[in-house]
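In what follows, a single structure is set out as structure tokens and then discussed.
In the text below, chain A, chain B and the rest are named by the order of the sequence lines, each starting its count at 1. Since the model is a prediction, treat every value here as computed from it, not as a measurement.
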Amino acid sequence: MTRFTAWNVFWQGMTGQKGWSRQWRDPEPKAHYDVVIVGGGLHGLATAYYLAKAHGLRNIAVLEKGWIGGGNAGRNTTIVRSNYAQPGNREFYEHSLQLWENLSHELNYNVMFSQRSHIALLHSPGAIDAAARNYNTMRLTGTPDTEIWDLSKLKRAVPHLNYAPDARFPIMGAAVQKRAGTARHDAVAWGYARAADALGVDIIQNCKVDGIARGGGRITALETSRGRITAGKVAFAVAGSTSLLWQMAGLGRLPIESHKLQAFVSEPLKPLLDQVVVFGMGGAHFYISQSDKGGMVFGGDLDWYKSYAQRGNLPIVQDVAEAAMSVLPCLGRVKLLRHWSGVVDMSMDGSHFICKTPLDNLYLNAGWNYGGFKASPASGWWFADLIANDRPAPMIAPFDLKRFERGVQIDERGAGPDCKLHG
Amino acid sequence: MLRIACPFCGTRDHSEFSYGGDGSVTYPALDAPMQDWHDAVFLRDNICGRQVETWQHVHGCRMWLMVERDTMTHEIFSVRPAHPGLAGALEAAE
């Protein structure tokens, strides 16, 4: 693999770009691996990379039923932030943000991480008080870049929001995380794949798991569309389809429902919005940023009913368009270029699972709700740690499947045990 | 847009309705073991395919309905009132 360096970019430019090697190999699956990771999304690829890099394992495969970056890795709105207030979440997402800050160097691949700040609009004195409480908690627990902005500061930073005093929900201030931002989602998948491949990881695409053989409280083999593969350890990282694989392994039910979440991108515009802006009020939910190509990337709520279909419904298109117009009326004549939908694991408390399972050699990474993209570096980091050492580190110990039995819910939104409400 | 044939109001857009959840969940007795309650409140089959689910016609008659729907194709196979007495009365009237 040719490394990306200033000299190589210059030299390839002089010699017709003919000397680059392919970014990752396309290997035939071997009959046995020490670790098989099912799911070639961001979490699976990151896990493979950190298993090889930090834990020295080499005989690793990532099985992907489609192509890498084709599932939720390529269907999100690319927002990265760590403004979580619940114990467990806040340390985990802050660690993830710190990994993001060095990810391009770590992977020798430009993931275009842009720390352009995340601005959550506030619309009532009560909302400002609640945000101040949350953000003060973050400031005291290791996320120092969180601030509450008053209206005058917000107007200087983002002058073109709808500040009309007679708006249905007038803007009164904002909760801001300055180190938050966006990254290019495809580049993250490709960067992790390329870096993992360089360490010997086999990335096997178009390889669907059709059956799981069990014996003696372990998984003994995976029946795949490209043959039978045995594995020392098996790791599931297939958010959206976790329940299906879980039931294929004969493990019953999970505290997860699959829902679909849409995202939208407009035609490319000249630079318009230099931050991530979030609007959530009175049943509306909307978040928007501008990609480096110029498209406005935005999204809103779930489609509100359980589904495995990777296509969105029209009432949400209308909801999101209405929210866009109420926050950024200047978008009124902008054309929508594409919208799409991904299937996400919505968990019963809105938080994820990185944990051991009832089977000795099976490990689970699931339940990412709305938050999987930003979490992927830390998710891979700690999932690799769990797989390599066969015990949960304190960072991920709260995120097991048994927390509901203990009476513990890590419910950032305070919505209760109803999957669709954890948006 | 899904179209749900409400037995009381007729066929309407799904945006008039609110999705409840898995209709196969039944709650145990109040004095049942904690594990039974845990399972009923937190665990789901999360079926890919035909499932029975609850919807409420919030912008219509406000009745709760049992809808049999495919969670992949979104095809709806049947709709009936969630209340067994009402469902029985409607069937008797037909």
Side-chain angles (χ1 to χ4, degrees), chain A residues 238-248 251-260 283 301-319 322 341 343-349 351 353 366-367 401-409 411 416-421, chain B residues 1-6 11-28 32-60 64-79 82:
Chain A
V238 292
S241 304
T242 306
S243 296
L244 302 178
L245 213 53
W246 194 253
Q247 283 159 16
M248 200 185 284
L251 291 168
R253 300 187 292 171
L254 283 171
I256 289 173
E257 273 186 8
S258 296
H259 285 258
K260 58 196 163 79
D301 274 316
L302 294 171
D303 278 9
W304 293 128
Y305 52 82
K306 207 198 93 178
S307 174
Y308 282 93
Q310 287 177 310
R311 59 181 189 279
N313 73 31
L314 289 174
I316 293 295
V317 179
Q318 183 175 348
D319 280 3
E322 285 168 356
S341 161
V343 178
V344 294
D345 274 3
M346 295 301 293
S347 71
M348 278 291 180
D349 61 354
S351 293
F353 305 99
L401 286 167
K402 297 279 185 189
R403 63 179 179 257
F404 302 106
E405 291 178 26
R406 294 194 302 270
V408 176
Q409 296 182 54
D411 187 346
D418 188 344
C419 297
K420 66 179 180 294
L421 299 183
Chain B
M1 183 77 79
L2 311 184
R3 299 273 284 166
I4 298 175
C6 174
T11 301
R12 303 293 177 86
D13 289 350
H14 86 261
S15 51
E16 286 189 13
F17 298 79
S18 174
Y19 179 72
D22 186 336
S24 69
V25 174
T26 53
Y27 290 110
M34 196 64 87
Q35 189 65 41
D36 292 359
W37 273 99
H38 166 270
D39 294 356
V41 172
F42 293 110
L43 300 187
R44 293 292 175 267
D45 286 324
N46 200 13
I47 293 165
C48 181
R50 265 192 193 210
Q51 76 163 15
V52 176
E53 57 198 22
T54 56
W55 289 76
Q56 189 187 15
H57 198 178
V58 282
H59 299 300
W64 280 94
L65 308 172
M66 299 294 258
V67 177
E68 192 185 358
R69 182 179 65 100
D70 191 305
T71 59
M72 178 59 99
T73 66
H74 298 167
E75 184 180 358
I76 291 172
F77 303 99
S78 69
V79 184

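Residue B:M34 qualifies as open at atom CE: its count of foreign heavy atoms under 6.0 Å is 12 or below.
For A:Q409, the part lying under 4.5 angstrom from a heavy atom of chain B is the side chain only. In this structure, no portion of B:D70 lies under 4.5 Å from any heavy atom of chain A. Interface residue B:L2: only side-chain heavy atoms are found under 4.5 Å from chain A. With a 4.5 angstrom heavy-atom cutoff, A:Q247 touches chain B only via side-chain atoms. Using a 4.5 Å cut-off between heavy atoms, A:L254 touches chain B through its backbone atoms (N, CA, C, O) alone.
Considering CG of B:N46 and SG of A:C419, their distance stands at 8.0 Å, rounded to 0.5 Å.
When B:E53, B:H38, B:Q51 are compared by the number of non-hydrogen pairs under 4.5 Å with chain A, B:H38 comes out ahead. The choice from A:Q318, A:K260, A:Q310, A:E257 that makes the most heavy-atom pairs within less than 4.5 Å of chain B is A:E257. Considering only heavy-atom pairs separated by less than 4.5 Å from chain B, the leading option among A:P255, A:S241, A:S347 is A:P255.
Put simply, the side chain of A:D349 gets close to the backbone of A:S351: a donor and an acceptor are under 3.5 Å apart.
The aromatic ring centres of B:W37 and B:F42 sit 6.0 Å or more apart. In this structure, B:H14 has its ring center no closer than 6.0 Å to that of B:Y19.
Ring-plane geometry between B:F17 and B:H57 is classed as parallel, the angle between the planes falling under 30 degrees on a 0 to 90 degree scale with a further cut at 60.
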